[in-house]
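Data block below; observations after.
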Amino acid sequence: MRIPDLVWGSSEIAYCTPGVGKTTLGKELATRVGATYINVGDLAKEGELYEGFDEEYECPILDEDRVIDELEDKMNEGGVIVDYHGCDFFPERWFHIVFVLRTENSFLYDRLESRGYKGKKLQDNIQCEIFQTIYEEAMSSYKEEIVHQLPSNTPEDLERNLDQIIQWIEQWMKDNN
Ligand code: DAT
């Protein structure tokens, strides 16, 4: 039985964690549909898949080629949910659908602040959301019809997103099995 491969990006720049709800949604979805959840940030940390350090943002720089090598076998198995804040460096063929979670500034501000973000890092991440940076990156890296924005402000949004994605997966499986 084939399960589709999914990815989602979010509003974030540099290599920080933004709090739009990727992990929450990704893990819950994986549990409900029996998919494999992969958090690229954690994978990079475990394998030290870095190629330097960004002094401005005080965080390591992802070695994208090594991340792709590391993921290739898992992607071939199928049914994978990949969680990362960017998606332009993954091979286009890997994914059947791409979700970009969107969080309104006031919610995002509170979530980032509660994670200890401040100053430039906080402002830049909020600005990234205002300018739809990640959505545009996704639209230019994948076929536009497979890129979807999902609101991620409230727990109700989370449930609605789960329901919609599960419906889409069920339809995909009917069409492809
Ligand atoms: P990310 O993985 O994008 O960094 P997360 O899943 O860790 O984000 O979520 C960040 C925080 O926001 C966490 O405390 C859970 C909360 N959260 C996630 N999705 C939410 C939603 N739809 N409504 C309200 N809070 C949400």
Side-chain angles (χ1 to χ4, degrees), residues 5-47 49-50 54 57-62 64 67 70-71 74-75 79-90 94-95 97-139 141-142 147-169:
D5 300 304
L6 301 83
V7 66
W8 38 79
S10 71
S11 5
E12 184 171 4
I13 54 168
Y15 314 96
C16 341
T17 314
V20 294
K22 301 183 305 296
T23 308
T24 311
L25 178 61
K27 283 188 174 166
E28 182 58 27
L29 182 68
T31 305
R32 292 197 195 181
V33 301
T36 306
Y37 167 81
I38 295 175
N39 185 308
V40 172
D42 291 347
L43 184 87
K45 208 183 217 173
E46 281 157 23
L49 308 176
Y50 301 127
D54 187 319
Y57 289 97
E58 296 181 342
C59 48
I61 298 167
L62 193 72
E64 298 175 349
V67 167
E70 192 74 26
L71 281 176
K74 288 195 183 88
M75 295 310 300
V80 181
I81 297 168
V82 174
D83 170 348
Y84 197 55
H85 53 258
C87 55
D88 62 347
F89 64 93
F90 299 123
W94 274 6
F95 300 107
I97 196 157
V98 177
F99 296 104
V100 179
L101 302 189
R102 303 298 305 269
T103 301
E104 285 167 27
N105 294 337
S106 55
F107 292 99
L108 191 61
Y109 196 97
D110 290 347
R111 288 188 206 164
L112 294 179
E113 219 181 16
S114 72
R115 281 192 174 174
Y117 281 36
K118 48 190 180 222
K120 181 170 167 50
K121 192 162 163 178
L122 178 59
Q123 294 307 331
D124 283 352
N125 277 287
I126 298 285
Q127 204 169 62
C128 180
E129 177 65 358
I130 294 169
F131 290 130
Q132 309 198 91
T133 311
I134 302 297
Y135 178 62
E136 280 167 21
E137 177 188 306
M139 290 287 276
S141 307
Y142 298 87
V147 178
H148 302 272
Q149 299 194 76
L150 297 173
S152 183
N153 300 304
T154 63
E156 291 73 31
D157 288 339
L158 173 65
E159 273 311 313
R160 203 176 314 113
N161 293 336
L162 284 163
D163 287 347
Q164 277 186 11
I165 297 170
I166 289 168
Q167 267 184 28
W168 177 85
I169 290 174

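Residue numbers start at 1 and run along the sequence shown. Worth knowing before you read on, the calculation uses all heavy atoms, side chains too, and leaves out hydrogens, waters and symmetry mates. First listed ligand is number 1; within each ligand, the first listed atom is number 1.
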Distance-only side-chain donor-acceptor flag, Asp83 / Tyr37, under 3.5 Å: yes

Just to be sure I'm reading this right: ignoring hydrogens, which of Asp157, Leu150, Thr154 gets closest to atom 21 (C) of ligand 1? Compare them by their nearest heavy atoms. Thr154

Ignoring hydrogens, just give me the one of Leu112, Leu25, Thr23 whose non-hydrogen atom is nearest atom 2 (O) of ligand 1. Thr23

Can you tell which part of [X] has a heavy atom less than 4.0 Å from ligand 1: side chain, backbone, both or neither?
X: Thr24; value: both
X: Asn153; value: backbone
X: Arg111; value: side chain
X: Arg115; value: side chain

Are the side chains of Tyr109 and Tyr117 in touch, meaning some heavy atoms are under 4.5 Å apart? no

I want to check something: taking the side chain as every heavy atom from C-beta on, are Phe95 and Met75 in contact at a cut-off of under 4.5 Å? yes

Go through ligand 1 atom by atom and flag the ones less than 4.0 Å from a non-hydrogen atom of Leu158. 22 (N)

Suppose I only count heavy atoms of Lys22 and a 4.0 Å limit; which atoms of ligand 1 are within that range? 1 (P), 2 (O), 3 (O), 4 (O), 6 (O), 8 (O)

Is it true that Glu159 and Arg32 make a salt bridge, defined as a side-chain N closer than 4.0 Å to a carboxylate O? yes

Any ion pair linking Lys45 and Asp42 (charged N to carboxylate O, less than 4.0 Å)? no

I need the Asn161 CG to Leu158 CG distance, nearest 0.5 Å. 6.5 Å

